[in-house]
Engineer: 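Sharing a structure below in structure tokens format, with a few things to ask.
Here is the naming used below: chain letters follow the sequence lines, and residue numbers restart at 1 for every chain.
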Number of protein chains: 2
Amino acid sequence: MTSEELAKIIGVSRSTVSRVINNYPDIPLETREKVLEAIKKYNYYPNSSARKLAGVKDTTLGLFILDIKDMEQPHHVILNDENLLYDNTFFAPFISAFIDHANKKLFYVFVSTIYKTSELWKIASAFNEKRIDGSVIIGSNHIDYLKVLETINKDNFIAFIDVEEDKSNIANAIYVNINNYKAAFDVVKYFAELGHKDIGMITGNLDKLSGKKRFDGFKDAILSLNLPLREEWIYYGDFMEMSGYEGMKKLLSSINTPTAVFICNDTMVIGAYRAIAELGLKVPDDISIIGFDNAQYSSLMSPPLTTVNVSLPKLLKLQQICS
Amino acid sequence: MTSEELAKIIGVSRSTVSRVINNYPDIPLETREKVLEAIKKYNYYPNSSARKLAGVKDTTLGLFILDIKDMEQPHHVILNDENLLYDNTFFAPFISAFIDHANKKLFYVFVSTIYKTSELWKIASAFNEKRIDGSVIIGSNHIDYLKVLETINKDNFIAFIDVEEDKSNIANAIYVNINNYKAAFDVVKYFAELGHKDIGMITGNLDKLSGKKRFDGFKDAILSLNLPLREEWIYYGDFMEMSGYEGMKKLLSSINTPTAVFICNDTMVIGAYRAIAELGLKVPDDISIIGFDNAQYSSLMSPPLTTVNVSLPKLLKLQQICS
DNA sequence: CTGAAAGCGCTTACAG
DNA sequence: CTGAAAGCGCTTACAG
């Protein structure tokens, strides 16, 4: 059913139908109600493409989850289709949270995953085809980030998550980060207040900003508190469950095991607990653990997400005014 | 830049531009290349709304994550905006997998979460406004499922995940389920082969099909193997981490603890390991555990997902031909 | 082979 | 207050 058809039934023009849909003033109550009734009765919905084409703005956001592994192509090639599924569990809390926030603002969000540099065009394409008005990029390291900037137009609005702010770039981009450094620093301080001296860490991917900053915060805290910073108490993980498992096994097999371990994300904590259960050690008696668990994660995530929410419409509007 | 403008630059009509974009035959190579070159040079992308309106089909799928808790409204009302974020971690593997599959087929997928019955209109609206061509619904129990069917048109194509197949309904729906019953049955059999007799379980939500079927499979296996089915070895969980934690604590505090526990999903396994680590018990020496872990999950998921992929375009096409 | 024209379903100045 | 008309940016019969 089109607005034309509906209008004919009611006995008005489609202009009138359109006006009540778009809440124009100066429509007599009676007309408005007649139209509204018919809309409901005939279950009429305006075609979104037509509306968009005619110039009505509805904000839809693209969420691009980057996980570029060009170098590991054999991995992708060998496995069959089923197994190509990549386990990006640790983006899940962010993705859920983002969709939630966006939905609350009645934004539409369209999600896409990108595994190779050669798929990066999807972002630019989504913008240029006017599918999205803004976009959020998560999962990129600095190299990927630069590649993204290359492909897109400078005036596209983008929010980068977990990427170092780049003041030099002209792009209409914002950078969303939690205070990874301080969070990690505080974890160590908290351990120290509890009386721990031998503190270990399972790091995340150090080429991700969050991984690096958490590591820096950890090290600086250890040093500033005059605690021992020992290489065998640090396991270089990659934010994945398996590295949490192996990291914990390794830390617990050293001669002097740490009494407390800071684990850089939730996913690795899962693996760590598995390792601990296999060894039959007691938490927190034998070993204390702090991770970025879901609750902490969310509460740490929320401010930047709020930032995104606030900034996105603001910047979109700004962009509109400027152009 | 519009196709009109681009055409003018090249010195052809926009019809021609459109034809090369849409791969019409009978275009002289020279013309085609000239156009292609200009497209690249001027970075021209056709407007997706205009294309859609003109009748070009591009498949976009809606993924609706249902988590309806009408009864717990105070929960939602009291907390501030940040905390409204719902933790739907256990949908994450499915969501990622789905987006992955869809992306591989070059489908667009637009994701939305629904927390109340009153938001159910979003699904119908997405269809009626022609935003989506098909949709996947996950997270509904049988009641929610019926409500969804009420709101949508019978000819909309929908795939329901984890909902009992309803042969009576006329809707153009498919039902995607893994063999929960058999999977659970097999777990018990496997435990038994290992020599376990005292087998416990932490169930999922029993109003979800997967929760119920896994429970059924478990019970039937226990009975058919003449093993003891004891109420104190069963904890009624809800698929959330906390219930895994509490469930395991409870199971391990009974007089005769089970030697093996089947835990109904990955998320609860996490909590269970935490409980075990707090008690300082050893896995698998003191207690054996099988959950639906990620690897199993994915491999169990894949066939139905493949089903979705195969069925979706097929049914879409069918629908088209019929109408 | 290719251009001019109609049409997709809306919205919004323009008149009245 | 409200209808007729133009326009959004494409695609695709229709002619030639």
Engineer: Taking atom C1' of D:dC8 as reference, at what distance in whole Å does atom NZ of A:Lys57 sit?
Structural biologist: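 Atom NZ in A:Lys57 sits about 17 Å away from atom C1' in D:dC8.
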Engineer: Is A:Lys41 atom NZ crowded by more than 12 heavy atoms from other residues, nucleotides or ligands, each under 6.0 Å away?
Structural biologist: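 No - once you tally the heavy atoms of other residues, nucleotides and ligands closer than 6.0 Å, there are 12 at most.
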Engineer: When you check the side-chain N and O atoms of A:Thr59 and A:Asp133, is any donor under 3.5 Å from an acceptor?
Structural biologist: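 No donor-acceptor contact under 3.5 Å links the two side chains.
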Engineer: Tell me whether the count of non-hydrogen atoms from other residues, nucleotides or ligands lying under 6.0 Å of CD1 in B:Ile143 goes above 12.
Structural biologist: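 Open.
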Engineer: Tell me the interatomic distance from B:Lys52, atom NZ, to C:dG9, atom C1', rounded to whole angstroms.
Structural biologist: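 Rounded to whole Å, this separation is 14 Å.
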Engineer: Can you give one letter per nucleotide of nucleotides 10-16 of chain D, going 5' to 3': B for a protein heavy atom under 4.0 Å from the base, S for sugar-phosphate only, - for none?
Structural biologist: BBBBB--
Engineer: Would you tabulate the side-chain donor-acceptor contacts of residues 118-129 of chain B under 3.5 Å, counting partners in other chains and residues two or more places apart, or write 'none'?
Structural biologist:
from	atom 1	to	atom 2	distance (Å)
B:Glu119	OE1	B:Tyr115	N	2.8
B:Glu119	OE1	B:Lys116	N	3.4
B:Trp121	NE1	B:Ser118	O	3.1
B:Ser125	OG	B:Glu129	OE2	3.4
B:Asn128	OD1	B:Asn153	ND2	3.2
B:Asn128	ND2	B:Ala124	O	3.2
B:Glu129	OE1	B:Arg131	NE	2.7
B:Glu129	OE1	B:Arg131	NH2	3.1

Engineer: Any idea which heavy atoms bring A:Ser140 and A:Leu66 closest together, and the distance?
Structural biologist: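 In this case the closest contact between A:Ser140 and A:Leu66 is CB-CD2, 3.6 Å.
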Engineer: For A:Thr2, does its backbone N or O pair with a side-chain atom of A:Glu5 as donor and acceptor, under 3.5 Å?
Structural biologist: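 Pair found, side chain donor or acceptor close to backbone of A:Thr2.
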Engineer: What is the nucleic acid contact for A:Ser48, judged by heavy atoms within less than 4.0 Å: base, sugar-phosphate only, or nothing?
Structural biologist: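 Nothing, no heavy atom under 4.0 Å.
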Engineer: Considering non-hydrogen atoms only, spot the tightest contact between B:Leu6 and B:Ala38 and give its length.
Structural biologist: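 Smallest interatomic distance, heavy atoms only, reads CD1-O, 3.8 Å.
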Engineer: Taking only side-chain N and O atoms of A:Ser49, does any of them lie within less than 4.0 angstrom of OP1 or OP2 on C:dC8?
Structural biologist: no
Engineer: Send over the distance from B:Ile27 CD1 to C:dG3 P, rounded to a whole Å.
Structural biologist: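 Answer to the nearest Å: 10 Å.
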Engineer: Could you tell me the separation between the CG atom of B:Asp26 and the P atom of C:dG3, rounded to a whole number of Å?
Structural biologist: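 One finds 15 Å between P of C:dG3 and CG of B:Asp26, rounded.
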Engineer: Give DNA chain C the dot-bracket treatment, 5' to 3': Watson-Crick (N1-N3 with N6-O4 or O6-N4) or G-U (N1-O2, O6-N3) under 3.5 Å, [ ] crossing, | other strand.
Structural biologist: |||.||||||||.|||
Engineer: At their closest point, which heavy atom of B:Val35 faces which heavy atom of B:Ile10, and how far apart are they?
Structural biologist: CA-CD1, 3.9 Å
